[in-house]
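As the structure is a computational prediction, the values presented were derived from the model and not from experiment.
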Amino acid sequence: QVQLQESGPGLVKPSQTLSLTCTVSGGSIATSYYYWSWIRQTPGKGLEWMGVIAYTGNTNYSPSLKSRTSISRDTSKNQFTLQLSSVTPEDTAVYYCARGEGTSGDWKYEVDYWGQGTQVTVSS
């Protein structure tokens with residue numbers, strides 16, 4: 001039974017870097033062929049896929065967020081992290097980490113597990 005848990009500060013100041021960690025239990029983030037994503041939800045835009053780190057450690061990002069987004073992992077802790085730089089109030093959202101299952105390393109996958117989400121507010 002795979003479980004994902006987001007953690008990190010709930011309040012970030014404008015221009016700072018938002019940093020969140022997803023802790024995974026019940027399965028290894030390095031196991032083929034799983035993909036580990038960050039997704040956020042806002043009232044105006046709904047669900048927005050931000051990026052993904054594959055079981056290999058390779059990453060892909062949303063074109064609209066690529067310049068500000070970095071996803072990394074620590075396999076010894078079975079965790080992966082999100083860093084979103086230069087934040088503004090428009091980045092206020094509920095942030096989710098999620099697992100996706102694919103069949104190869106072609107970046108095609110279907111999300112099957114979600115974390116509970118964590119609210120992050122960008123405000124001075």
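- The backbone N or O of G117 sits less than 3.5 Å from a side-chain atom of E6, completing a donor-acceptor pair.
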Evaluate side chain to side chain contact (heavy atoms under 4.5 Å, CB included) for V24 paired with V2, printing each intermediate quantity in order.
CA-CA 7 Å; V24 179; V2 176; 4.3 Å; yes

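- Donor-acceptor pairing under 3.5 Å is recorded for the side chains of S62 and S64.
- Expressed to the nearest 0.5 Å, how far OG1 of T21 lies from CZ of R73 amounts to 15.0 Å.
- When all heavy atoms are compared, the tightest approach of Y55 to T31 is CB-O, 3.3 Å.
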side-chain hydrogen bond (donor to acceptor under 3.5 Å, both in side chains) between Q83 and S19, intermediate numbers included:
CA-CA 5 Å; Q83 293 189 81; S19 183; 4.8 Å; no

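- For the atom pair OG1 (T56) and OH (Y33), the distance works out to 11.0 Å, reported to the nearest 0.5 Å.
- Residues G51 and I71 share a closest heavy-atom pair of C-CD1, 3.4 Å.
- For Y113 against L4, the heavy-atom pair with the smallest separation is CB-CD1, 3.7 Å.
- A donor-acceptor contact closer than 3.5 angstrom links the side chains of T81 and S72.
- By the 6.0 Å contact criterion, CD on E48 is enclosed, its count of non-hydrogen atoms from other residues, nucleotides or ligands being greater than 12.
- The two atoms that bring P14 and S124 nearest to each other are CD-N, 3.6 Å, heavy atoms only.
- Between T92 and T42, every side-chain heavy-atom pair lies at or beyond the 4.5 Å cut-off.
- Test L65, L20, I53 against W38 for side chain to side chain contact (heavy atoms under 4.5 Å, CB included) and you get one pass: L20.
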Worked check of side chain to side chain contact (heavy atoms under 4.5 Å, CB included) between V52 and W107:
CA-CA 9 Å; V52 58; W107 302 103; 3.8 Å; yes

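- Y109 contributes no side-chain N or O that, together with a main-chain N or O of A54, makes up a donor-acceptor pair within less than 3.5 Å.
- Taken to the nearest 0.5 Å, the CG atom of N60 stands 5.5 Å off from the CH2 atom of W49.
- Side chain of T75 to backbone of N78: no donor-acceptor contact under 3.5 angstrom is found.
- Looking only at distances, no side-chain donor or acceptor of T69 sits under 3.5 Å from a matching main-chain atom of K66.
- Counting all heavy atoms, side chain and backbone alike, K13 lies closest to V122 at C-CG1, 4.2 Å.
- Across W114, Y35, W36, a single residue satisfies side chain to side chain contact (heavy atoms under 4.5 Å, CB included) together with R99, and that is W36.
- The CE atom of M50 lies 7.0 Å from the CG atom of D91; values are rounded to the nearest 0.5 Å.
- Under the 4.5 Å side-chain heavy-atom criterion for grouping Ile, Leu, Val, Met, Phe, Trp and Tyr, I29 is connected to Y61 within one hydrophobic cluster.
- Using modelled atom types, no side-chain atom of R40 and backbone atom of A93 make a donor-acceptor pair closer than 3.5 Å.
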Evaluate the side chain to side chain contact (heavy atoms under 4.5 Å, CB included) criterion for residues T17 and V87: first the C-alpha distance (whole Å), next the side-chain angles of each, then the deciding distance (0.1 Å), finally the verdict.
CA-CA 6 Å; T17 296; V87 299; over 6 Å; no

Audit row: L84, Y95, side chain to side chain contact (heavy atoms under 4.5 Å, CB included) steps and yes/no:
CA-CA 11 Å; L84 182 67; Y95 286 77; 3.7 Å; yes

